[in-house]
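For ligands, and for the atoms within them, numbers begin at 1 and follow the listed sequence.
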Amino acid sequence: MMDASRRSAPSIGAPVQRCIRSECGASFEIRERIYVCPKCGGPLEIRAPLPSAIEAAALRICWRSRAASLDPRDRSGVWRFREVLPFYDEAPIVTLAEGNTPLYDAPRCAEYSGVDALRLKHQGCNPTGSFKDTGMTTCVTQAVLLGARTVVSASTGNTSASLAAYASRAGLKCAILLPRGQITSTKLAQSMDYGAIVCEIEGNFDDCMRLIREIAEEPSIYLANSINPFRIEGQKTVAFELIEQCEWRVPEHVVVPGGNMGNSSALGKGFEEMQQLGLIERLPKLNVIQAEGAAPLAQLFAALKRELKPDSTSIPEGLTPIENPQTLATAIKIGSPVSWEKALRSVIRSHGQVISVSEQEIADAKAMIGRDGIGCEPASATTVAGIRKLAAAGFIRREESVVAILTGHLLKDPDYVSHYHRGTLSLRPDAKDRRTGPQLIEGAFRNAPMQVTASKKAILDQLRRTNS
Ligand code: F0G
């Protein structure tokens with residue numbers, strides 16, 4: 001493990017950790033193990049001198065050419081953009097060749113959503129099946145540089161799977177806190193297989209998050225939730241990769257699910273840095289979509305919108321947490337998102353929106369994504385549901401270019417898919433009360449398996465019937 005004191009100077013100046021609150025703005029050394037501002041408790045972000053705007057054209061060529069290189073740093077869709085990362089050149093990186101995920105056309109989703117064209121950037125194609133890997137590579141690299149021996153996180157399942165994998169690669173001990181019975185069996189299986197110490201807690205994700213922040217006060221323990229600004233640094237490269245895939249033409253809208261709000265914060269930071277670098281001339285509107293039963297930021301945004309002046313960039317005082325968040329999209333079943341301030345700042349600066357969608361809308365949007373031949377988990381489908389809603393409201397115009405970020409792979413939650421298509425997907429699967437019932441979701445695009453006799457004729461008959 002590398003001794004932190006042997007670090008050479010970063011090649012593009014000295015990065016700092018800075019409090020984002022304008023009334024504070026305190027800066028801290030990059031090697032201080034802090035997660036929030038020690039002065040005011042505000043969120044921290046990494047500020048590093050960026051390459052000059054004059055270098056923008058050279059950077060584009062350099063990043064592109066690395067895609068053909070076999071160097072492990074170039075094989076990673078995160079480290080390929082290392083000029084904008086706060087690490088020195090020879091840092092001993094921990095990588096699983098993350099990033100470089102596909103951008104797909106989704107014509108059926110476009111039609112369903114009421115727009116001419118829609119593209120889906122599939123972050124579920126990362127090594128552990130979710131976007132978390134792009135942030136975990138930088139976060140675990142920083143843990144190694146700091147000499148941490150144990151990395152920890154609270155999770156709704158994907159962060160833990162990703163952290164467990166990267167910790168194993170780095171030879172670090174990994175402990176994760178999960179809300180018992182509230183994460184999918186496949187995500188849990190991943191964490192077990194990657195060798196993490198899995199602690200199932202009585203309570204929800206927000207309880208796990210509170211607890212893990214206390215645990216991370218121990219000096220040898222490093223916290224890998226997205227409150228950690230080094231996670232955000234890796235995740236912001238998705239913005240660079242996306243715009244490169246769009247041939248440097250900025251889409252009008254980028255749409256992303258909202259849970260703990262790390263992803264939206266990271267994309268916002270990425271786009272803003274690209275603008276500062278002269279790589280893009282304007283920001284895409286960043287739109288964040290939450291599930292109706294777990295939508296504290298959408299609620300705040302709705303209240304704010306009534307007061308917000310069009311050119312306002314200020315962040316309101318407080319977010320009211322949802323005590324008992326509910327959604328079948330378990331990845332985003334979060335009532336008290338830790339990074340809401342950063343995310344909201346990016347939404348406001350880019351003139352985007354934060355809205356919520358219903359369970360029915362999520363489920364049908366997910367099936368529609370499937371019809372385009374693309375498999376994602378329920379949380380990711382909030383995006384297409386949200387685009388449909390924003391298009392119906394006239395905020396997204398039919399001819400505008402739209403990209404949705406799919407955050408996790410379909411195989412992360414196959415039970416949900418199976419229940420949807422068999423007509424047994426229920427908001428309250430354990431409901432005993434006959435009056436309220438289990439609240440089944442009536443899938444508009446159900447596709448249940450059929451029981452067919454084992455003969456050629458029976459199968460051909462079935463095919464004919466289904467064609468008509
Ligand atoms: N989509 C998926 C598949 C996720 O796993 C998450 C978050 C989100 C969207 C929301 O992203 O939190 O950055 O706003 N999952 C976390 C976890 C909370 O523990 O795996 P966010």
Side-chain angles (χ1 to χ4, degrees), residues 43 101 121-126 128-136 139 152-165 176-179 182-184 186-188 190-191 196 198 201 204-209 212 223-228 231-232 234-236 238 255-269 286-291 294-298 325 327-344 346-347 354 362 366 369 375-386 404-413 416:
T101 57
K121 176 136 179 80
H122 201 347
Q123 292 295 90
C125 296
N126 270 293
T128 76
S130 84
F131 73 98
K132 305 288 180 180
D133 297 342
T134 56
M136 221 44 94
C139 183
V152 297
S153 80
S155 183
T156 56
N158 280 327
T159 299
S160 49
S162 181
L163 178 61
I176 53 182
L177 295 197
L178 306 173
Q182 296 186 40
I183 78 163
T184 69
T186 44
K187 294 176 187 176
L188 184 59
Q190 284 183 290
S191 296
V198 179
I201 302 295
N204 61 23
F205 170 82
D206 300 303
D207 300 321
C208 293
M209 192 67 223
I212 207 81
L223 178 62
N225 277 99
S226 58
I227 193 170
N228 182 324
R231 273 271 307 277
I232 301 303
Q235 285 179 207
K236 82 179 179 192
V238 177
V255 186
V256 63
N260 220 12
M261 298 296 165
N263 197 25
S264 31
S265 305
L267 285 166
K269 188 171 196 273
L286 183 65
N287 302 294
V288 181
I289 319 295
Q290 297 200 284
L297 193 61
T327 170
L328 294 173
T330 52
I332 51 172
K333 194 172 170 187
I334 295 173
S336 183
V338 295
S339 296
W340 70 270
E341 283 171 84
K342 285 187 196 173
L344 186 57
S346 291
V347 168
V354 188
I362 296 171
K366 211 199 86 57
I369 295 167
C376 67
E377 66 169 284
S380 308
T382 55
T383 52
V384 170
I405 310 287
L406 302 183
T407 44
H409 199 277
L410 176 144
L411 297 176
K412 289 281 192 175
D413 195 352
Y416 179 103

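- In this structure, V256 and L286 have side chains that are in contact, with non-hydrogen atoms separated by less than 4.5 Å.
- Nearest heavy-atom pair, T128 versus K412, reported as atom, atom and distance to 0.1 Å: O-NZ, 2.8 Å.
- Residues P325 and D206 share a closest heavy-atom pair of CG-OD2, 4.0 Å.
- Of all atoms in ligand 1, numbered sequentially from 1 with element shown, those under 4.0 Å from a heavy atom of M261 are 12 (O), 13 (O), 14 (O), 21 (P).
- Checked by distance only, ligand 1 and G262 come closer than 3.5 Å through their nitrogen or oxygen atoms.
- At least one N or O atom of N263, backbone or side chain, sits closer than 3.5 Å to an N or O atom of ligand 1.
- A side-chain donor from one of T407 and S380 sits under 3.5 Å from a side-chain acceptor of the other.
- In this model, a donor atom of one side chain and an acceptor atom of the other lie less than 3.5 Å apart for K121 and T101.
- Looking at S155 against ligand 1, both its backbone and its side chain come within 4.0 Å, counting heavy atoms.
- Atom 2 (C) of ligand 1 has T407 OG1, 3.4 Å as its closest protein atom, hydrogens excluded (heavy atom only).
- The nearest heavy-atom contact from the protein to atom 8 (C) of ligand 1 is I332 CG2, 3.6 Å.
- Residues N263 and Q123 have side chains that never bring a donor and an acceptor to within less than 3.5 angstrom of each other.
- Considering backbone and side-chain N/O atoms, K187 never comes within less than 3.5 Å of an N/O atom of ligand 1.
- Using a 3.5 Å distance cut-off with no hydrogens or angles, the side chains of D413 and T184 do not pair a donor with an acceptor.
- Taking only nitrogen or oxygen atoms, main chain and side chain alike, F131 does not reach within less than 3.5 Å of ligand 1.
- Residue N158 has at least one nitrogen or oxygen atom sitting less than 3.5 Å from a nitrogen or oxygen atom of ligand 1, judged on distance alone.
- Any N or O atom pair closer than 3.5 Å counts here, and T159 shares at least one such pair with ligand 1.
- Below 4.0 Å from some heavy atom of E377 lie the following atoms of ligand 1, by number and element: 3 (C).
- Distance from atom 4 (C) of ligand 1 to its nearest protein heavy atom, with residue and atom name: A331 CB, 3.5 Å.
- Using a distance-only test at 3.5 Å, with no hydrogens or angles considered, a donor-acceptor pair links the side chain of Q290 to the main chain of L297.
- The two residues Q190 and A161 come nearest to each other via the heavy atoms OE1-CB, 3.4 Å.
- Heavy atoms of K412 found under 4.0 angstrom from ligand 1: none, in either backbone or side chain.
- Contacts of T156 with ligand 1, taken as heavy-atom pairs under 4.0 Å, involve both backbone and side chain.
- When all heavy atoms of T330 and K187 are compared, the closest pair comes out as OG1-NZ, 4.4 Å.
- Geometrically, ligand 1 and N260 share a nitrogen or oxygen pair separated by less than 3.5 Å.
- At least one heavy atom of I334 sits less than 4.0 Å from an atom of ligand 1.
- Results of the side-chain contact (heavy atoms from CB on, under 4.5 Å) test with P337 over V288, N260, I332 single out N260 as the only residue that passes.
- In this structure, the protein non-hydrogen atom closest to atom 16 (C) of ligand 1 is K132 NZ, 2.8 Å.
- For the pair S265 and S346, the tightest heavy-atom approach, listed with the atom from each and the gap, is O-OG, 4.2 Å.
- Near A379, meaning under 4.0 Å from one of its heavy atoms, ligand 1 places the atoms 1 (N).
- Distances between N or O atoms of G259 and those of ligand 1 include at least one value under 3.5 Å.
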